[in-house]
2 protein chains.
Amino acid sequence: MVTLESNSDIGTLAKQLWALGDPVRLEIIQILPTRPTCHNACNVSTIAGRIGLSQPATSHHLRILRQAGIVTCEKKCRDMIYWIDLEAGSAVGERIQNLIGSS
Amino acid sequence: MVTLESNSDIGTLAKQLWALGDPVRLEIIQILPTRPTCHNACNVSTIAGRIGLSQPATSHHLRILRQAGIVTCEKKCRDMIYWIDLEAGSAVGERIQNLIGSS
DNA sequence: ATGATGTATCTATATACTTAAATATGTCAA
DNA sequence: TTGACATATTTAAGTATATAGATACATCAT
């Protein structure tokens, strides 16, 4: 059952790894904070400016990260602020270790 | 300098994560041993049979994993045997943790 | 109305897969 | 040993699908 469970999780893990497997999105991850805050560059426009991409394109990448469960967002005032889902993020790292060391 | 170094590594890390971000390749990772051995299913044909894919397609996925430095291969007799590069593999997991916890 | 974000649509590029051909290595008979 | 065949893998060519990015439009709060 554990096998079945982890097996069905493979699609999810692959999705998360794929979402992280892009230089632009890794750069976004580096910029994003780990907690919801307005102090740093956590709204889409500022992130777009820092990585040198248009706002829609940045929004697109953020959506991919969000759908993979790696980042979370919330409407604060008039901005949409993004931050990293620490739990999900570190779970990805752990799953890789478990997967590789299991054979 | 650490920043610059880790910055130039981002492309490599992205490539490794992208290589791992595919259900088929994760399945291959699950099958592959962590040391060169002929006992298990470590040659291309057997792997192809286990994941239900053609040999060329399997070879293609193995090539991607190899170019990302996640698996290693060596010619043994007439077969090409593959195994996981443990060091590189666990380094990926660690880098994710460091990247996410840094902000 | 204004400013910020998300969605839709479209184009260029990249990826995954298959079939077919090439390469390399080992086996067997003469 | 030599030549012919068999096996395993890689590479190439071609096609269908997926993705990244831009532009334009819709939405929502101030």
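None of these values were measured; they are calculated from a predicted model. Below, chain A is the first sequence line, B the second, and so on; all start at residue 1.
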- Residues in side-chain contact (heavy atoms from CB on, under 4.5 Å) with A/W83, at least two apart? A/P33, A/P36, A/T72, A/E74, A/I81
- Pairwise distance CZ(A/R63) to OG(A/S59) - rounded to 0.5 angstrom: 8.0 Å
- Query: Heavy-atom distance under 4.5 Å between the side chains of A/E27 and A/R50, does that happen here?
  - Reply: no
- To the nearest 0.5 Å, atom CG of B/D79 lies from atom NZ of B/K75 at 8.5 Å
- Taking CG from A/L62 and C1' from C/dT7, how many angstroms apart are they, rounded to a whole number? 15 Å
- Donor-acceptor pair, side chain of A/D9 and main chain of A/T12, under 3.5 angstrom: no
Where do N or O atoms of nucleotides 5-9 of chain D meet protein N or O atoms at under 3.5 Å, pair by pair?
{"from": "D/dT9", "atom 1": "OP1", "to": "B/V44", "atom 2": "N", "distance (Å)": "2.9"}
{"from": "D/dT9", "atom 1": "OP2", "to": "B/S45", "atom 2": "N", "distance (Å)": "3.0"}
{"from": "D/dT9", "atom 1": "OP2", "to": "B/S45", "atom 2": "OG", "distance (Å)": "2.4"}

- Message: When the axes are fitted on five pairs at both termini, how much does the helix from C/dA1-D/dT30 to C/dA30-D/dT1 curve, in 10° steps?
- Response: 30°
- Task: Mind calculating the distance between CD (B/Q67) and P (C/dA16) to the nearest angstrom?
- Result: 12 Å
- Message: Distance check, rounded to the nearest 0.5 Å: B/Y82 atom OH versus B/L65 atom CG?
- Response: 9.5 Å
- Sidechain-backbone polar pair: B/R25 side chain, B/L20 backbone, donor-acceptor under 3.5 Å: no
- Rounded to whole angstrom units, what separation is found between the CD1 atom of A/I28 and the C1' atom of D/dA20? 12 Å
- Between the CG atom in B/L62 and the CG atom in B/N43, the distance rounded to the nearest 0.5 Å is 10.0 Å
- Identify whether any heavy atom of B/I64 sits under 4.0 Å from a base atom; if not, whether one sits that close to sugar-phosphate; answer base, sugar-phosphate or nothing. sugar-phosphate
- Atom pair CD (A/Q30) and CD1 (A/I84), whose distance is rounded to the nearest 0.5 Å: 9.5 Å
- Note on the structure: Sequence neighbours excluded, the answer for side-chain contact (heavy atoms from CB on, under 4.5 Å) partners of B/R35 is none
- Message: Would you say that A/I51 contacts A/H61 through its side chain, given a criterion of any heavy-atom pair below 4.5 Å between the two side chains?
- Response: no
Please tabulate the protein-to-nucleotide N/O contacts below 3.5 Å involving nucleotides 17-19 of chain C, giving atom names and distances.
{"from": "C/dC17", "atom 1": "OP2", "to": "B/H61", "atom 2": "NE2", "distance (Å)": "2.2"}
{"from": "C/dT18", "atom 1": "OP2", "to": "B/S54", "atom 2": "OG", "distance (Å)": "2.8"}

- Message: So, does A/R63 get its side chain near the phosphate of C/dT5, meaning an N or O under 4.0 Å from OP1 or OP2?
- Response: no
- Message: Please tell me whether B/S45 and B/Q55 have a donor and an acceptor in their side chains that are separated by less than 3.5 angstrom.
- Response: yes
- Atom-to-atom span, NZ of A/K15 to C1' of D/dT19 - whole angstrom: 15 Å
- Task: Hey, could you give me the CG/CD1 distance between A/L13 and B/I29, rounded to the nearest 0.5 Å?
- Result: 11.0 Å
All N/O pairs under 3.5 Å across the protein-nucleotides 14-16 of chain D interface:
none

